[in-house]
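Report on one structure; see the data block that follows.
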Amino acid sequence: MSKIITDVVCPFCGTLCDDLEVKVSDDGSKIEEVYNACVIGTEKFLHSQATDRLTVPMKKDDAGEWHETSMNDAVEYTAQMLANAKKPLMYGWSSTSCEAQSIGHEIAELCGAVVDNTATVCHGTTLIAVQDVGVPSCTLGEVKNRADRIIFWGCNPAHAHPRHMSRYSIFPRGFFTGKGHKARKMIVVDPRKTDTAGMADIHMQIEQGRDYELLSALRVAVRGAPLPETVAGIPREIIQDAADTLKSGRFVVIFFGMGVTQSLSKNHNIDMAIMLTKDLNEHTKAAIMPMRGHYNVTGSGEVMGWQFGYPFSIDLSRGFARYNPGDSSSNDLLRRGEVDAVFVLGSDPGAHFPFSSVKKIWDLPSVCVEPHYTPTTAVSKLHVPVAFVGVEVGGCAYRMDAVPIHCRKVAEPPEGVLTDEEFLKLVLARVKEIKGVA
Ligand code: SF4
């Protein structure tokens with residue numbers, strides 16, 4: 001016998017689709033089918049069933065050989081590493097629950113660590129811009145029900161957030177958007193002819209790294225002031241057409257991704273995009289929203305905000321929270337050799353950081369808490385396998401529009417495999433013993 005679990009949340013990307021149905025065996029040991037998810041989301045669930053999945057902690061010896069070890073030893077190694085380091089880096093957090101994040105932050109505070117999340121290499125610039133100029137935003141529900149002008153700037157949801165357009169931004173028929181995509185206009189700004197760009201009414205194939213100029217030109221066009229012949233490789237007629245299209249809508253939403261947060265000018269691009277949104281609000285209703293990648297990177301920023309007052313790159317080594325991205329961010333600290341241990345949970349810096357940073361993880365005492373084999377587990381000294389959050393354990397996650405959603409458990413983890421939260425609680429208890437804290 002099998003059973004179907006409904007209203008399941010997909011723990012993969014920041015869209016956090018909450019309409020999945022998962023068919024599982026009666027005892028919850030096997031996921032048989034996943035309905036409604038995109039191919040990436042489906043794989044996330046089915047991958048938990050992989051027969052070659054690691055279920056016991058693995059430790060590297062001095063000769064670089066991997067050996068199985070006990071969970072008690074894994075907890076002891078992790079606690080000793082963090083408690084004895086002068087300034088450990090605790091990085092990741094974007095693919096785990098808010099509950100686990102808050103326990104990890106408690107350990108970080110006790111150990112005088114630097115806590116940082118994946119925003120440091122994606123939307124950290126967005127967070128800095130929001131601190132500079134604020135943000136007029138909305139929920140994805142409002143996008144579905146009201147938005148009729150959509151910009152995708154430096155992002156490619158057709159591949160990175162595959163159900164975003166069908167659930168919220170382009171195709172659905174909402175309360176005031178009954179004609180679905182037929183009544184929506186879509187503008188894409190991307191130097192490449194992506195699959196998303198191929199669907200757009202206007203594709204502005206911008207010259208690489210010239211987002212700030214094009215954003216400024218759009219602000220000029222929205223105000224009706226004269227433009228030069230071309231800006232960032234785009235003829236002024238197209239810029240004016242895009243500005244007029246936006247002004248003629250009832251509700252504009254600008255979605256943007258790493259193509260603009262990590263190109264030249266970085267946070268200043270986002271300052272300008274937010275100011276464009278503000279300008280558009282003088283003609284119609286407009287909002288702006290980052291396309292967050294990891295399913296709970298938004299939650300990580302929220303939890304760090306509650307606990308320390310800042311959303312990423314927080315240095316606790318002086319006994320209080322300091323925030324200085326560019327100085328207290330993971331890559332800067334690793335490359336300058338300013339951290340002496342690395343703990344990674346809920347992310348894969350081995351795949352995404354520059355080689356010079358990854359080499360430092362290889363050189364230092366390091367622990368990676370991760371259900372998969374990843375480039376980070378390969379360069380760490382200890383790999384602790386854990387349950388998949390949102391598949392084998394529930395927990396809170398924040399969607400890209402900062403709406404908290406409770407992820408559901410649909411299957412049992414393999415015997416002996418702990419959740420992130422359980423592992424962190426054991427480490428926290430041991431760190432307290434080592435530090436002599438009640
Ligand atoms: S769009 Fe994102 S959240 Fe939705 S099913 Fe696909 S991977 Fe999961």
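We count ligands from 1, going down the list as the structure has it; atoms in each ligand are counted the same way.
- For atom 8 (Fe) of ligand 1, the nearest non-hydrogen atom of the protein is Cys10 SG, 2.3 Å.
- The protein heavy-atom contact nearest to atom 6 (Fe) of ligand 1 is Cys38 SG, 2.3 Å.
- A side-chain donor-acceptor contact under 3.5 Å links Asn36 to the backbone of Asp19.
- Interface atoms of ligand 1 facing Phe12, defined by a heavy-atom separation under 4.0 Å, are 7 (S).
- Closest protein heavy atom to atom 2 (Fe) of ligand 1: Cys13 SG, 2.3 Å.
- Only the backbone of Leu16 comes within contact range of ligand 1, with a heavy atom under 4.0 Å; no side-chain atom does.
- Separation of the Tyr168 and His161 ring centroids does not fall under the 6.0 Å cut-off.
- We find that Glu213 and Arg219 are not joined by a salt bridge, their nearest charged nitrogen and carboxylate oxygen being 4.0 Å or further apart.
- With 2.8 Å as the limit, Cys17 does not count as an N, O or S neighbour of atom 8 (Fe) of ligand 1.
- A centroid separation of less than 6.0 Å is found between the aromatic rings of Phe353 and Tyr91.
- Within 6.0 Å of OH on Tyr212 lie no more than 12 heavy atoms contributed by other residues, nucleotides or ligands.
- Looking only at protein heavy atoms, the nearest one to atom 1 (S) of ligand 1 is Arg163 N, 3.3 Å.
- Residues His105 and Phe308 place their aromatic rings such that the two centres sit under 6.0 Å apart.
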